[in-house]
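Residue numbers begin at 1 in each chain, while the letters A, B, ... track the order of the sequences.
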There are 2 protein chains.
Amino acid sequence: MQRVTIMDVAARAELSPSTVSLYFRKPDAVSAAASEAIARAIEALDYVPNLMAGGLAAASSRVVSIIVPSVRNAFFAETVTALQDELGKQRLQVMLSHTEYKEHDEENLVRTALSWAPAAVVLTGLSHSAATRRLLRDSKVPVVEIWELGSPTMDMAVGFHHDQVGHAAASHLLQRGRKRLLFLGARLHEDRRAARRAQGFVEAARNAPDVTAEIIQHPAPASAEVGAMLLGEALHRFPNVDGIACSNDHIALGVIFECQRSGVAIPERLSVMGFGDLSFSAAANPSLTTIRPPGDLIGKEAARLIIARLAHLGAEPEQAVIDTRFTLLHRQSS
Amino acid sequence: MQRVTIMDVAARAELSPSTVSLYFRKPDAVSAAASEAIARAIEALDYVPNLMAGGLAAASSRVVSIIVPSVRNAFFAETVTALQDELGKQRLQVMLSHTEYKEHDEENLVRTALSWAPAAVVLTGLSHSAATRRLLRDSKVPVVEIWELGSPTMDMAVGFHHDQVGHAAASHLLQRGRKRLLFLGARLHEDRRAARRAQGFVEAARNAPDVTAEIIQHPAPASAEVGAMLLGEALHRFPNVDGIACSNDHIALGVIFECQRSGVAIPERLSVMGFGDLSFSAAANPSLTTIRPPGDLIGKEAARLIIARLAHLGAEPEQAVIDTRFTLLHRQSS
DNA sequence: TTGAAAGCGCTAACAG
DNA sequence: CTGTTAGCGCTTTCAA
């Protein structure tokens, strides 16, 4: 596969391989004349460095391993994109894996990830098996946990508190004068962050006087169809419901469609809100009140932490925890 | 980073390193007794193989590099997920990159990908720069082009013909008795596959008697908001329009919402169809007629081709081209 | 600023 | 089925 090596480049530039190596790693430490000769040789030979050889010799690669529940989830897709963009600027490569919400698989994925002696590992959420923690601790690789804040943190963390999202949703509905509240959730048993939002919602609601709050859930992944079904169940079981928060915008969209079909007026009779601010939410009819998690920012900040850590590898690692917060977008549906 | 090596494992199992190596690469070629001893040693030492060393020695890694326009796009997310699942079963790792529809970046991404001596490279679409083609040809790495069929193919390809999608959409609307057709598209200048769908649509429509067909487009990425805007423009410029095909379901969703707001009856006055069968399409009100591209299947087939090629590395490489087709889902909106 | 030398941890003939 | 022996292509002291 690899034909041209650093030796070939060195020979053509009439320099030693170590100088060429230095040219790649610390360009400033090489004289202008040498740099130019090397650049010319690379060009002429169409040299492609072998990063595996480099990683092996350096005992560490420029790979950042990212493990998310699913890329099909728009939230994580956004974060992965941002991470990739920011890390790419530093010539760091992303190696992606997904657990499909099977936390049990994470350990194997981490083990494989470590086989590449990654420069850093990015994990979603805070709940990881003891073995996973040990593996990562022993490897001494920088770790960033994303999309969830709380305790305990392994190393660095970037995200927000999901119970606060639940609180914010409940507060908003209460403020709109709603008293019979429902949280509609999908796959709450697997999606711990959604479950925490649900919990936070119910807690906050029940602290208010004369307010009831319940959770209705469905085991399937979130989708508009599940949302429509959940609304049906909600109306059946709690005919007086006047405020609904959904575990995400897909569910909320299904609720909107189902309300249209059943003639339930939003927001007059029922206030609806979602989570995610997905691409359709602002354009919906009525437009959807929702809470926007800063998926992009999470990726950017995680990348920043990694890059900073890599820059001060010798120094005392600082255990950064970044709360990115979230934003409530009040629109027509409430 | 890496402490425990294959030598440590060998020592503890009282075998030679090469036997341990064999144990990983060809488990069947190792005796049961040896296997057990090795397994025990691995367990006891918590051994994590160094894949870079392995890749260097073998002159090829178990990395498959995938380059897509964007993971935020549900289509590619689905394919990437399937690829990852299938490749993972063979202990092949996915290294993901995105071009954000800047074809110009692809060459650099391919160059970097090749630095890892990947087992295969997966590219989206068929249009690649001459330099990219040369790089890949010289590297002799298996290449799979996905999500588009046509000519020319570099090596292997899995996808479908996007002009056929356009044809199918036009035929469907014509069959429903529609005569004043419009294709609403987003970012057609960057998304070549959407552009080909638009072309196919117009071509097929104009072949029918008494039928008109036009394309209206917007430079921004596809979203429901863009869809709503495009419908406004469509109604303004072509008040008689009775059939609309959209470059994807996001656009179509925006069209549905905007029609609700403007009191345009779907499908009575206007037939609407999309492309993608996204998660909300079946639950929409009215439910959305759409064309479903087999994103998952594309990933699975691409993985299958890669695995097959890897299994017969010596043999004459067969230039597989797989047409996955697509499915028209007739629902209420038409 | 550049070069020589010694591996990094593993695979891959080949021999036994 | 197992062991011996050379590297894979690069980085990294250490000297010059």
TODO: Could you please name the option among D:dT12, C:dG9, C:dA12 that lies closest to any side-chain atom of A:A58?
DONE: D:dT12
- [ ] Sort out for me which residue in B:I66, B:V71, B:L96, B:T124 forms a side chain to side chain contact (heavy atoms under 4.5 Å, CB included) with B:F76.
- [x] B:T124
- [ ] Estimate the overall bend of the helix from C:dT1-D:dA16 to C:dG16-D:dC1 from the end axes over five pairs each, rounded to 10 degrees.
- [x] 20°
Open item on the list: When you measure from the side chain of A:S60 to the backbone of A:A119, do you find a donor-acceptor pair of N or O atoms at a distance under 3.5 Å?
Closed with: no
TODO: Quick one: list whatever passes salt bridge (Lys or Arg N to Asp or Glu O under 4.0 Å) with A:R187, sequence neighbours left out.
DONE: A:E190
TODO: In whole angstrom, give the distance that lies between atom CZ of A:R62 and atom P of D:dT11.
DONE: 11 Å
Open item on the list: Let's see if you can work this out: which of D:dT2, C:dG9, D:dC10 has an atom nearest to the side-chain heavy atoms of B:V30?
Closed with: D:dT2
Task: Between B:T112 and B:S115, a side-chain donor and acceptor under 3.5 Å - done: no
Task: Nearest-Å distance for atom pair CH2/C1', residues B:W116 and D:dC8 - done: 15 Å
Task: B:M52 CE to C:dT11 P, straight-line distance once rounded to whole Å - done: 13 Å
- [ ] Report yes if at least one side-chain N or O of B:S31 is closer than 4.0 Å to OP1 or OP2 of D:dT2; otherwise report no.
- [x] yes
Task: Under the ring pair (Phe, Tyr, Trp, His ring centres under 6.0 Å) test, residues paired with B:H162 that sit two or more places apart - done: B:F160
Task: Nearest-angstrom distance from the residue atom CG of A:L56 to C1' of C:dC8 - done: 4 Å
Open item on the list: From CG of B:L45 over to P of C:dG9, roughly how many Å is that when rounded to an integer?
Closed with: 14 Å
Could you go through nucleotides 14-16 of chain C and list every protein N or O atom that sits under 3.5 Å from one of its N or O atoms, giving the distance for each pair?
none

Task: salt_bridge(A:D85, A:K89) N-O dist < 4.0 Å - done: no
Open item on the list: How many whole angstroms separate atom CG of A:L51 from atom P of D:dC10?
Closed with: 9 Å
Open item on the list: In whole Å, I'd like the distance from the CD1 atom of B:I6 to the P atom of C:dC10.
Closed with: 5 Å
TODO: Residues of residues 15-28 of chain A with any non-hydrogen atom less than 4.0 angstrom from an atom of DNA chain C: list those, numerically ordered, please.
DONE: A:L15, A:S16, A:S18, A:T19, A:L22
Task: The single option from B:T324, B:V68, B:T79 passing side chain to side chain contact (heavy atoms under 4.5 Å, CB included) against B:W147 - done: B:T79
Task: Gap between atoms CE and P, on B:M7 and C:dT11 respectively (whole Å) - done: 13 Å
TODO: Check whether more than 12 heavy atoms from other residues, nucleotides or ligands sit under 6.0 Å from atom CZ of B:R91, and answer yes or no.
DONE: no
Task: Pairwise ring-ring contact (aromatic ring centres under 6.0 Å, His included) hits with a residue in residues 6-40 of chain B, at least two apart - done: B:F24-B:Y47
- [ ] Would you check if there is a donor-acceptor pair between the side chains of A:E145 and A:H128 at a distance under 3.5 Å?
- [x] yes
TODO: Could you tell me whether B:D46 and A:R134 have a side-chain N and a carboxylate O separated by less than 4.0 Å?
DONE: yes
